[in-house]
> 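Pasting a structure below so you can have a look.
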Amino acid sequence: MLPGKLKDYNIILASRSPRRHQLLKELGIRFEISFDNDDNEEYPSHLVKQEIPLFVAEKKMNRLGHLLNGKNLLITADTIVWLNESVIGKPNSLEDARKMLGLLSGQMHTVYTGVCMASAEKKVSFFAETDVYFRDLTPEEIEYYVNRFEPLDKAGAYGVQEWIGYVGVQRINGSYFNVMGLPVQKVYCHLCNF
């Protein structure tokens, strides 16, 4: 349920992520899906923590600026995993995924998601952060996950809503849905105030 003023907007989620599609749909929001074919998520090397996904989300918004007309309201997002003062992105291979999960094993990392919302008249950017604590994972558990799930399209090589999250995550401080890729509570509140 959204305020009446938002019912006039055509909401567009610019994301390929099936998890983001699912989460926004679960809010009861009608939306379209669009994205541009440029997957360039590079960012300046001096950026850290939430600055990175905010930069990338705004970069995506700028690339899709041609959609900001009439009553369109565009949402872009980016999620990173931050461990030991560096970014763990999406793995390039299954071997890369094994290495990433090995780094996360027994550690606390922070998931940051940057979100940008814009219409022809207004633009708002915000972020969410969630601390995730993994227990020590065995090589066999990592191998099981990597071979049976799809770690290549996920920051940090894991989906918290999948088997590895069930057996590996000891606790979470912050939004669980942020770890999935979209802080839906913040998205809802910002939409209500848009």
> Could you give the distance from CZ (Arg98) to OG (Ser93), rounded to the nearest 0.5 Å?
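Taking CZ in Arg98 and OG in Ser93, the distance rounds to 8.0 Å.
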> Ignoring hydrogens and geometry beyond distance, is a side-chain donor-acceptor pair present between Thr79 and Arg20 at under 3.5 Å?
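Per modelled atom types, Thr79 and Arg20 side chains form a pair under 3.5 Å.
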> Any sub-3.5 Å donor-acceptor pair from Lys60's side-chain atoms to Ala77's backbone N or O?
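Checked: pair present.
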> Can you name the closest pair of heavy atoms from Pro53 and Asp78 and give their distance?
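The pair with the smallest heavy-atom distance is CB-O, 3.2 Å.
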> Does Arg19 reach the side chain of Asp153, with side-chain heavy atoms less than 4.5 Å apart?
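In short, these two side chains touch, coming nearer than 4.5 Å.
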> Does the distance from a Lys or Arg side-chain N to an Asp or Glu carboxylate O, for Lys59 and Glu41, drop under 4.0 Å?
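Glu41 and Lys59: not salt-bridged.
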> Are side-chain heavy atoms of Met117 and Leu191 found at a separation under 4.5 Å?
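Side chain of Met117 against side chain of Leu191, heavy atoms only: contact under 4.5 Å found.
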> To the nearest 0.5 angstrom, please state how far the OG atom of Ser17 sits from the CG atom of Leu23.
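Ser17 OG to Leu23 CG: 8.0 Å, rounded to 0.5 Å.
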> Is there a donor-acceptor pair under 3.5 Å between the side chain of Lys154 and the backbone N or O of Glu150?
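Confirmed, Lys154 side chain pairs with Glu150 backbone.
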> Check whether any side-chain heavy atom of Leu152 sits under 4.5 Å from a side-chain heavy atom of Leu94, and report yes or no.
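Yes. Closest side-chain heavy atoms under 4.5 Å.
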> Could you tell me whether Arg135 atom CZ has more than 12 heavy atoms of other residues or ligands within 6.0 Å of it?
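Yes, because the 6.0 Å sphere around CZ of Arg135 holds more than 12 heavy atoms from other groups.
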> Write down the atom of Val184, the atom of Leu27, and the distance for their closest heavy-atom approach.
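Closest approach of Val184 to Leu27, heavy atoms only: O-CD1, 3.9 Å.
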> If you define the side chain from C-beta out and look only at heavy atoms, does anything of Cys116 sit under 4.5 Å from Val124?
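Result no, sub-4.5 Å side-chain heavy-atom pair not found.
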> Is any side-chain heavy atom of Leu13 closer than 4.5 Å to a side-chain heavy atom of Glu32?
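No, side chains not in contact.
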> Between Phe134 and Tyr158, how do the two ring planes meet: parallel, tilted or perpendicular, split at 30° and 60°?
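Ring orientation of Phe134 relative to Tyr158: perpendicular.
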> Under a single-linkage definition using a 4.5 Å side-chain heavy-atom cutoff for Ile, Leu, Val, Met, Phe, Trp and Tyr, are Leu24 and Val160 assigned to the same hydrophobic cluster?
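In one cluster: yes.
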> Examine Met108 and Val132 and state if one hydrophobic cluster contains both, with Ile, Leu, Val, Met, Phe, Trp and Tyr joined whenever side-chain heavy atoms are less than 4.5 Å apart.
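No, it is not one cluster - the side chains of Met108 and Val132 are not joined through contacts under 4.5 Å.
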> Is the ring pair Trp163/Tyr144 parallel, tilted or perpendicular, if the boundaries are 30 and 60 degrees?
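Rings of Trp163 and Tyr144: tilted, 30 to 60°.
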> To the nearest 0.5 angstrom, please state how far the OG atom of Ser15 sits from the NE2 atom of His21.
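Nearest 0.5 Å value for the OG-NE2 distance: 4.5 Å.
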> Is it the case that over 12 heavy atoms from other parts of the model lie below 6.0 angstrom from the CZ atom of Phe177?
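It does not: Phe177 CZ has 12 such atoms or fewer within range.
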> Taking all heavy atoms of Glu121 and all of Tyr9, pick out the closest pair and write down the distance.
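Where Glu121 meets Tyr9 most closely, the heavy atoms are OE1-OH, 3.9 Å.
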> What verdict does the side chain to side chain contact (heavy atoms under 4.5 Å, CB included) test give for Tyr112 and Leu54, after you've listed the backbone C-alpha separation in whole Å, the side-chain angles of each residue and the deciding distance to 0.1 Å?
CA-CA 9 Å; Tyr112 291 99; Leu54 280 170; over 6 Å; no
> Which distance, rounded to the nearest 0.5 Å, do you find between the CG of Asn62 and the OG1 of Thr76?
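The CG atom of Asn62 sits 8.5 Å away from the OG1 atom of Thr76.
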> When you group the ILVMFWY residues by side-chain heavy-atom contacts below 4.5 Å and let the links chain together, are Leu83 and Val146 in the same group?
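Yes, same cluster.
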> Looking at Asn84, is its backbone amide N or carbonyl O close enough to the side chain of His109 to form a donor-acceptor pair, meaning the two atoms are under 3.5 Å apart?
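No; zero donor-acceptor contacts below 3.5 Å.
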> Side-chain contact, heavy-atom cut-off 4.5 Å: Phe194 with Leu73?
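With C-beta onward as the side chain, the pair touches.
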> Taking all atoms of both residues into account, what is the closest heavy-atom pair of Glu141 and Asp136, and its distance?
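Heavy atoms only, the tightest pair is OE1-O, 4.2 Å.
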> Under a 3.5 Å distance rule, please check whether Asn173 uses its side chain to pair with a backbone N or O of Asp131 as donor and acceptor.
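A pair under 3.5 Å: no.
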> Atom OH in Tyr145, atom CD in Glu143: separation rounded to 0.5 Å?
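The OH atom of Tyr145 sits 13.5 Å away from the CD atom of Glu143.
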> Evaluate side chain to side chain contact (heavy atoms under 4.5 Å, CB included) for Phe31 paired with Ile12, printing each intermediate quantity in order.
CA-CA 5 Å; Phe31 63 95; Ile12 302 170; over 6 Å; no
> Taking C-beta and beyond as the side chain, do Tyr176 and Gln161 meet within less than 4.5 Å on heavy atoms?
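SC-SC contact between Tyr176 and Gln161 confirmed.
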> Who pairs with Glu129 by salt bridge (Lys or Arg N to Asp or Glu O under 4.0 Å), at least two apart in sequence or on another chain?
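Testing Glu129 for salt bridge (Lys or Arg N to Asp or Glu O under 4.0 Å), a comparison that skips the adjacent residues, returns none.
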> For residues Val87 and Leu101: do they belong to one hydrophobic cluster (side chain heavy atoms under 4.5 Å, members Ile, Leu, Val, Met, Phe, Trp, Tyr)?
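The answer is no; the residues belong to distinct hydrophobic clusters.
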> Testing the basics here: between Glu51 and His46, what is the closest heavy-atom pair and its distance to 0.1 Å?
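Heavy-atom minimum between the residues: OE1-O, 4.1 Å.
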> Working to the nearest 0.5 Å, report the span between NZ of Lys49 and OG of Ser86.
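The NZ atom of Lys49 sits 11.5 Å away from the OG atom of Ser86.
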> Please find the pair of heavy atoms, one from Ala14 and one from Leu74, that lie closest to each other, and give the distance.
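Reported closest heavy-atom pair: CB-CD1, 3.8 Å.
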> For Gly174, does its backbone N or O pair with a side-chain atom of Thr130 as donor and acceptor, under 3.5 Å?
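It does not hold such a pair.
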> Do Trp82 and Ile88 sit in one hydrophobic cluster, given that two such residues count as connected whenever their side-chain heavy atoms are within less than 4.5 Å of each other, even indirectly?
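Trp82 does not cluster with Ile88.
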> List the steps, then state whether side chain to side chain donor-acceptor pair (under 3.5 Å) holds for Glu58 with Ser125.
CA-CA 8 Å; Glu58 290 181 4; Ser125 295; 2.7 Å; yes
> Given side chains that start at C-beta, do those of Ile11 and Ile75 come closer than 4.5 Å, heavy atoms only?
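Yes. Closest side-chain heavy atoms under 4.5 Å.
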